[in-house]
Undergrad: 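Take a look at the following structure, please.
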Amino acid sequence: MLQKHDLKSAIPVNGGEPRRPQPSMLPAWSLALGTFVPILAVGASILARQRLLTGHLGQTPLQVALRTLTVYLSGAAAWLFGLVLLGWTWRYHVESQSAEGLTVLRNGIDIIAIAVAGRAVTSFFNALFNAYSPQARSDAGDGNLALPAAAVQTRLGSVLPILRGFTLGAVIGLTILLILTQLGFGIGPLLAGFGIFGLAISFGSQTLVKDIVSGFFFMVEDAFRVGEYIDTGKLKGTVEKISPRSLQLRHQSGLLHTIPFGTLGSVTNASRDWATIKFSLRLDRTADIEKARKAIKKIGIEMQADPEYGKSFLMPLKMQGVDEIADSAIIIRAKFTAEPPMASSIQRAALKRIYMAFKEAGIEFASNAVTVRSNDQADAVAAIASAQPVAAPAA
């Protein structure tokens with residue numbers, strides 16, 4: 001804003017150019033803007049955060065990301081408004097100091113706007129990936145072949161770290177290129193140099209390329225996810241982390257194995273869809289098989305009604321029949337089908353209930369004791385007589 005004496009100085013003299021206003025009055029505006037803009041930006045961010053990010057349960061990941069973006073843009077808009085207003089206030093002063101000063105000022109504002117836009121896109125994708133990503137828990141040696149169902153991530157949750165890295169890297173790289181363009185650098189030779197450099201790396205590190213390509217196809221085929229128990233032939237464990245080049249397996253004893261994708265052959269997944277568990281019971285040869293069958297069937301019905309195990313059953317626990325008749329035992333087999341994360345826990349609980357039920361019903365398990373029988377009564381009488389003490393003769 002120009003005062004009265006400045007308006008007189010700006011009037012053209014003899015048809016010449018109007019004189020520029022003196023910059024002595026402009027720092028007062030800068031000081032006011034420097035005080036007002038931070039207060040406005042912080043206040044807008046706090047208000048938007050309280051209104052959008054608190055007290056809203058059951059939001060979808062996209063809604064969470066959009067609300068986070070709105071909170072960031074509310075503060076960024078205040079900063080940009082202050083910078084634009086500051087540049088408009090100082091435009092005459094900068095132009096009077098140098099012919100190219102106004103261009104430099106505009107380029108500076110453009111660079112800041114590009115950086116703010118890149119940061120906004122980064123915050124949006126970061127919030128979106130965080131909303132989709134569950135917290136994985138590792139198996140702490142419990143003996144299960146898999147994690148609890150809540151710890152097994154979806155297919156999207158398993159590849160999200162890789163998608164996050166590529167997406168955020170692409171946004172940051174594009175932002176840097178746009179800033180370099182505003183600074184006057186030619187990005188054509190730079191891109192060509194990066195292409196040649198990448199080609200040289202691909203030829204020099206074929207193993208790395210093999211690992212990345214193999215990992216891509218493993219992800220496309222959905223061979224395993226974070227939280228699932230797999231067997232690679234040489235190593236086995238719970239998948240704890242997936243990167244573009246390798247995966248990490250946590251063994252039940254706590255050991256962490258890092259395996260490059262290029263070295264993986266066949267992978268056996270023990271945590272997918274369903275699992276049928278079969279186990280054998282050795283009963284005494286005098287045991288009542290029908291009573292044992294009814295006891296196991298009753299246990300299966302009770303476990304299906306159990307709130308802890310019932311939802312995991314796909315097929316109830318039942319006895320298949322006599323599997324083998326050995327010299328000292330009758331071997332029966334039982335089975336059930338359940339969701340893989342709970343299969344091992346169900347088996348242990350079933351064995352415990354079977355043992356208690358058989359003990360209560362008088363069904364004895366087979367013993368390793370060896371019984372010797374003989375049909376010769378004379379030998380038996382002689383053996384008993386030899387074991388009895390001999391009376392001493394009378395004096």
Side-chain angles (χ1 to χ4, degrees), residues 137-154 222 224-225 227-231 236-239 251-253 267-373:
R137 303 191 304 269
S138 61
D139 188 3
D142 187 27
N144 292 335
L145 292 182
L147 298 180
V152 178
Q153 296 186 6
T154 62
D222 195 21
F224 43 79
R225 303 172 185 173
E228 292 184 334
Y229 188 93
I230 65 172
D231 185 357
K236 61 179 65 176
T238 302
V239 180
H251 193 263
Q252 296 172 357
S253 61
V267 176
T268 303
N269 194 328
S271 303
R272 188 62 58 85
D273 300 332
W274 52 270
T276 298
I277 304 298
K278 300 180 180 180
F279 55 93
S280 299
L281 301 171
R282 295 173 56 88
L283 302 182
D284 189 81
R285 296 190 65 173
T286 60
D288 189 340
I289 304 300
E290 184 63 19
K291 185 183 295 186
R293 184 190 68 81
K294 293 181 179 179
I296 294 176
K297 181 179 179 180
K298 181 180 179 182
I299 293 173
I301 295 174
E302 292 176 352
M303 294 191 70
Q304 280 188 301
D306 189 279
E308 182 179 359
Y309 304 108
K311 296 181 179 180
S312 299
F313 273 99
L314 300 179
M315 293 185 65
L317 173 67
K318 62 180 181 180
M319 191 184 86
Q320 290 185 283
V322 178
D323 184 57
E324 183 182 355
I325 300 178
D327 293 337
S328 59
I330 297 178
I331 303 174
I332 62 174
R333 175 169 291 185
K335 75 169 186 177
F336 65 91
T337 302
E339 296 176 356
M342 292 294 294
S344 298
S345 300
I346 292 176
Q347 182 182 5
R348 290 193 295 270
L351 288 173
K352 178 181 178 180
R353 298 191 183 198
I354 289 174
Y355 174 78
M356 299 299 294
F358 280 12
K359 184 177 180 180
E360 183 179 350
I363 303 174
E364 296 184 359
F365 289 93
S367 174
N368 292 326
V370 178
T371 302
V372 179
R373 295 183 176 88

Undergrad: Who are the side chain to side chain donor-acceptor pair (under 3.5 Å) partners of Thr276, not counting sequence neighbours?
TA: Thr337
Undergrad: Taking side chain as C-beta onward, heavy atoms only, is Gln347 less than 4.5 Å from Phe336?
TA: yes
Undergrad: Nearest 0.5 angstrom please: Met356 CE to Leu351 CG, how far?
TA: 13.5 Å
Undergrad: Quick one: are Ile354 and Phe279 in side-chain contact, heavy atoms under 4.5 Å?
TA: yes
Undergrad: Quick one: do Leu281 and Phe358 satisfy side-chain contact (heavy atoms from CB on, under 4.5 Å)? Show the steps, please.
TA: CA-CA 11 Å; Leu281 301 171; Phe358 280 12; 4.3 Å; yes
Undergrad: Can you find a pair of side-chain heavy atoms, one from Val267 and one from Asp231, that are under 4.5 Å apart?
TA: no
Undergrad: Treating Thr238 as the side-chain partner and Glu228 as the backbone partner, does any N or O pair qualify as donor plus acceptor under 3.5 Å?
TA: no
Undergrad: Cut-off 3.5 Å, no hydrogens considered: what does the side-chain donor-acceptor table look like for residues 292-300, sequence neighbours left out?
TA:
from: Arg293; atom 1: NE; to: Glu290; atom 2: OE1; distance (Å): 3.4
from: Arg293; atom 1: NE; to: Glu290; atom 2: OE2; distance (Å): 3.2
from: Arg293; atom 1: NH2; to: Glu290; atom 2: OE2; distance (Å): 2.5

Undergrad: What residues form a salt bridge (Lys or Arg N to Asp or Glu O under 4.0 Å) with Asp323, not counting sequence neighbours?
TA: Arg333
Undergrad: Distance-only criterion, 3.5 Å: show the donor-acceptor pairs between side-chain atoms of residues 302-319 and protein atoms not counting sequence neighbours.
TA:
from: Asp306; atom 1: OD1; to: Glu308; atom 2: N; distance (Å): 2.8
from: Asp306; atom 1: OD1; to: Tyr309; atom 2: N; distance (Å): 3.3
from: Asp306; atom 1: OD2; to: Arg353; atom 2: NH2; distance (Å): 3.2

Undergrad: From Ser280 OG over to Gln320 CD, what is the distance, rounded to the nearest 0.5 angstrom?
TA: 9.0 Å
Undergrad: Which heavy atom of Ser328 sits nearest a heavy atom of Ala366, and at what distance?
TA: O-CB, 3.8 Å
Undergrad: Using side-chain contact (heavy atoms from CB on, under 4.5 Å), reason through Ile363 and Leu283 one step at a time and then give a plain yes or no.
TA: CA-CA 8 Å; Ile363 303 174; Leu283 302 182; 4.3 Å; yes
Undergrad: Would you please name every residue forming a ring-ring contact (aromatic ring centres under 6.0 Å, His included) with Tyr355, sequence neighbours left out?
TA: none
Undergrad: Pair Val322, Ile289 - check side-chain contact (heavy atoms from CB on, under 4.5 Å), show working.
TA: CA-CA 8 Å; Val322 178; Ile289 304 300; 4.1 Å; yes
Undergrad: Within the structure provided, determine whether Asp284 and Phe365 are in side-chain contact (heavy-atom separation under 4.5 Å).
TA: no
Undergrad: Show your reasoning for whether side-chain contact (heavy atoms from CB on, under 4.5 Å) applies to Ile230 and Val239.
TA: CA-CA 7 Å; Ile230 65 172; Val239 180; 3.7 Å; yes
Undergrad: Residues in side-chain contact (heavy atoms from CB on, under 4.5 Å) with Ala326, at least two apart?
TA: none
Undergrad: Please name all residues satisfying salt bridge (Lys or Arg N to Asp or Glu O under 4.0 Å) with Arg282, sequence neighbours left out, ordered by chain then number.
TA: none
Undergrad: Quick one: do Asp327 and Arg285 satisfy salt bridge (charged side-chain N to carboxylate O under 4.0 Å, His left out)? Show the steps, please.
TA: CA-CA 9 Å; Asp327 293 337; Arg285 296 190 65 173; 5.8 Å; no
